[in-house]
Amino acid sequence: MADQLLSTVTDYHSLPENYVRPEDQRPRLAEVVSDAHIPVIDMSAPDKSHVVSQIGHACRSYGFFQVLNHGVPVELMLKMLVVTLEFFRLPPTEKAKLYSDDPAKKVRLSTSSNIRKETIRNWRDYLRLHCYPLEEYVPEWPCDPSSFKEVVSAYCKEVRQLGLRLLGAVSLSLGLEEDCLVKALGEQGQHMAINYYPKCPQPQLTYGLPAHTDPNALTILLPDPDVAGLQVLKDGRWIAVDPLAHAFVINIGDQLQALTNGKYKSVLHRAVVNPEKERISVASFLCPCNYAIISPPERLISEGSPAMYRSYTYEEYYKKFWTRNLDEDPCLELFQS
Ligand code: OGA
Ligand code: NI
């Protein structure tokens, strides 16, 4: 089964047929806007209330922003990128040991997104890990490359702290107590998708990841510093995100859209692939505790702004998400009240 992985083959001269999208689903790369930008926020700026209002604006209008001076050591970000490439360069026999297409597994190397549900594949391999609490999961993580466990666990801890700070700022930006969303999300889980997009012979016919929203609460993406590929939907057009040195790309997931009663948006985004260069990215997902009841605070519901979604538990949502194909309609629509 591990022969499904793209990263075990050295070169593709043409796109295999099961990756080719029908004409009306292709990325239309010529129409992508390259000179618009998602907001960039310097988290170390001395005026904290200004930082909060910038975050609020970004969450309302884009659902996406980049953060600089975010507190995660730059050296650790670089180590994370290095260990990612080392991992995907391991020999096929090593990778085969980790291969699985079962979304329930807590450590798995897989390809595309959910091959049990898909008819058309995506040009991506990924290593998916559960990361919190670390002591519970690290023993099952890959032992190769030899620095993997140490680098990735240090990285996960730092990213979690950043995520919690951001959730505090998001709460404040809505006029809520700083700990309001963190409390609502309960003891949050943390997952990671370490993505590898090989260079692709015909990027105009396929995706690394098709348009989707993230099913979790908040996503912290470490993009490849050298190769762009992430695109965000804004006012009906796809905007290419230019990776800034040492920045993270942050986005609101479905659970924050539900918890904010739709005030903040879980926005469609996608990854396109490149004919000349492979691309990597590391997505960290903060996820509500399975038993957290996703229901907005009273202050965000009013006569003019009635509850948009019924209450549900994250467990219920997550199960629904994985029974579906990534490029179906957004999963949150199934929970409208
Ligand atoms: C994801 C994602 C984008 C990227 O993993 O959910 O949107 O640039 N990744 O890899
Ligand atoms: Ni995503």
Side-chain angles (χ1 to χ4, degrees), residues 6-7 27 29 32 34 37-38 62-67 77 80-81 84-85 87-88 103 108-115 118 121-131 155-156 159 163 189-200 203 206-234 238-244 247-257 265-274 277-287 317-318 321-322 324-332:
L6 290 164
S7 59
L29 298 171
V32 172
S34 57
H37 303 283
I38 59 170
Y62 290 82
F64 264 84
F65 52 99
Q66 300 203 55
V67 289
M77 299 167 78
M80 184 65 229
L81 292 167
T84 294
L85 267 186
F87 176 82
F88 283 100
R108 65 189 173 102
L109 175 62
S110 198
T111 193
S112 189
S113 31
N114 188 2
I115 60 171
E118 296 160 344
R121 295 255 172 122
N122 304 305
W123 200 253
R124 165 207 190 216
D125 286 346
Y126 65 101
L127 175 65
R128 182 121 190 157
L129 303 174
H130 284 222
C131 319
Y155 178 83
C156 285
V159 161
Q190 184 175 346
H191 298 183
M192 192 179 218
I194 304 181
N195 298 312
Y196 178 78
Y197 305 97
K199 63 181 181 171
C200 176
T206 193
Y207 293 100
L209 275 173
H212 67 281
T213 64
D214 290 349
N216 52 297
L218 188 79
T219 302
I220 300 167
L221 184 84
L222 172 58
D224 193 312
D226 302 318
V227 190
L230 174 64
Q231 302 181 344
V232 175
L233 194 64
K234 166 82 173 141
W238 288 101
I239 297 182
V241 174
D242 248 337
L244 278 180
F248 285 102
V249 178
I250 310 298
N251 69 282
I252 296 293
D254 295 349
Q255 305 317 314
L256 284 185
Q257 176 164 329
K265 301 280 184 278
S266 177
V267 165
L268 284 169
H269 55 285
R270 65 187 192 179
V272 299
V273 285
N274 191 292
K277 292 177 184 164
E278 63 193 356
R279 174 173 178 265
I280 55 177
S281 72
V282 181
S284 296
F285 306 106
L286 284 181
C287 316
Y317 193 91
Y318 202 66
F321 178 82
W322 280 102
R324 291 155 46 88
N325 180 346
L326 198 60
D327 50 13
E328 287 179 56
D329 286 340
C331 189
L332 198 52

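First listed ligand is number 1; within each ligand, the first listed atom is number 1. What you see below is based on every heavy atom in this structure, not just the backbone, and it leaves out hydrogens, waters and symmetry mates.
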For the residue pair H269 and H212, establish whether any side-chain heavy-atom pair is separated by less than 4.5 Å.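 Touching, per the 4.5 Å side-chain cut-off.
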Is there side-chain contact between F64 and V249, with at least one heavy-atom pair below 4.5 Å? yes
Atom indices of ligand 1, in the order listed, that fall short of 4.0 Å to a heavy atom of [X]:
X	answer
H269	7 (O)
L221	8 (O)
A283	5 (O)
L209	1 (C), 2 (C), 5 (O), 7 (O), 9 (N)

Can you name the side-chain hydrogen bond (donor to acceptor under 3.5 Å, both in side chains) partners of D224, sequence neighbours left out? none
May I ask you to identify, for [X], whether its side chain, its backbone, both or neither come under 4.0 Å of ligand 1 on a heavy-atom basis?
X	value
D214	side chain
Y197	side chain
R128	neither

What distance separates [X] [atom1] from [Y] [atom2], expressed to the nearest 0.5 Å?
X	Y	atom1	atom2	answer
I280	L81	CD1	CG	4.5 Å
N195	Y126	CG	OH	9.0 Å
L127	S7	CG	OG	10.5 Å

Atom 5 (O) of ligand 1: nearest protein contact (heavy atom, Å):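 For this ligand atom, the closest protein heavy atom is N195 ND2, 3.4 Å.
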Protein residue, atom and distance nearest to atom 8 (O) of ligand 1, heavy-atom basis: R279 NH2, 2.8 Å
Please confirm whether the backbone N or O of V241 pairs with a side-chain atom of Q231, one donor and one acceptor, at under 3.5 Å? no
Taking W322's backbone N and O only, do any of them form a donor-acceptor pair with N114's side chain (distance below 3.5 Å, no angle check)?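 Here the side-chain-to-backbone pair exists.
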Quick one: sort the Y318 and H191 rings into parallel, tilted or perpendicular, breaks at 30° and 60°.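 It falls in the perpendicular class, over 60°.
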Quick one: closest heavy-atom pair of W238 and R270, and the distance?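 Minimum heavy-atom contact is NE1-NH1, 3.4 Å.
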If you measure every N or O of R124 against every N or O of ligand 1, does any of those distances drop under 3.5 Å? no
The Ni ion (ligand 2): protein N, O or S atoms that are less than 2.8 Å away, sorted by chain: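 Listed by chain and number, the nearby protein N, O or S atoms are H212 NE2, D214 OD1, H269 NE2.
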Tell me whether R270 reaches ligand 1 (any heavy atom closer than 4.0 angstrom to a ligand atom).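 No.
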Are more than 12 heavy atoms, taken from residues, nucleotides or ligands other than K234, located less than 6.0 Å from that residue's NZ atom? yes
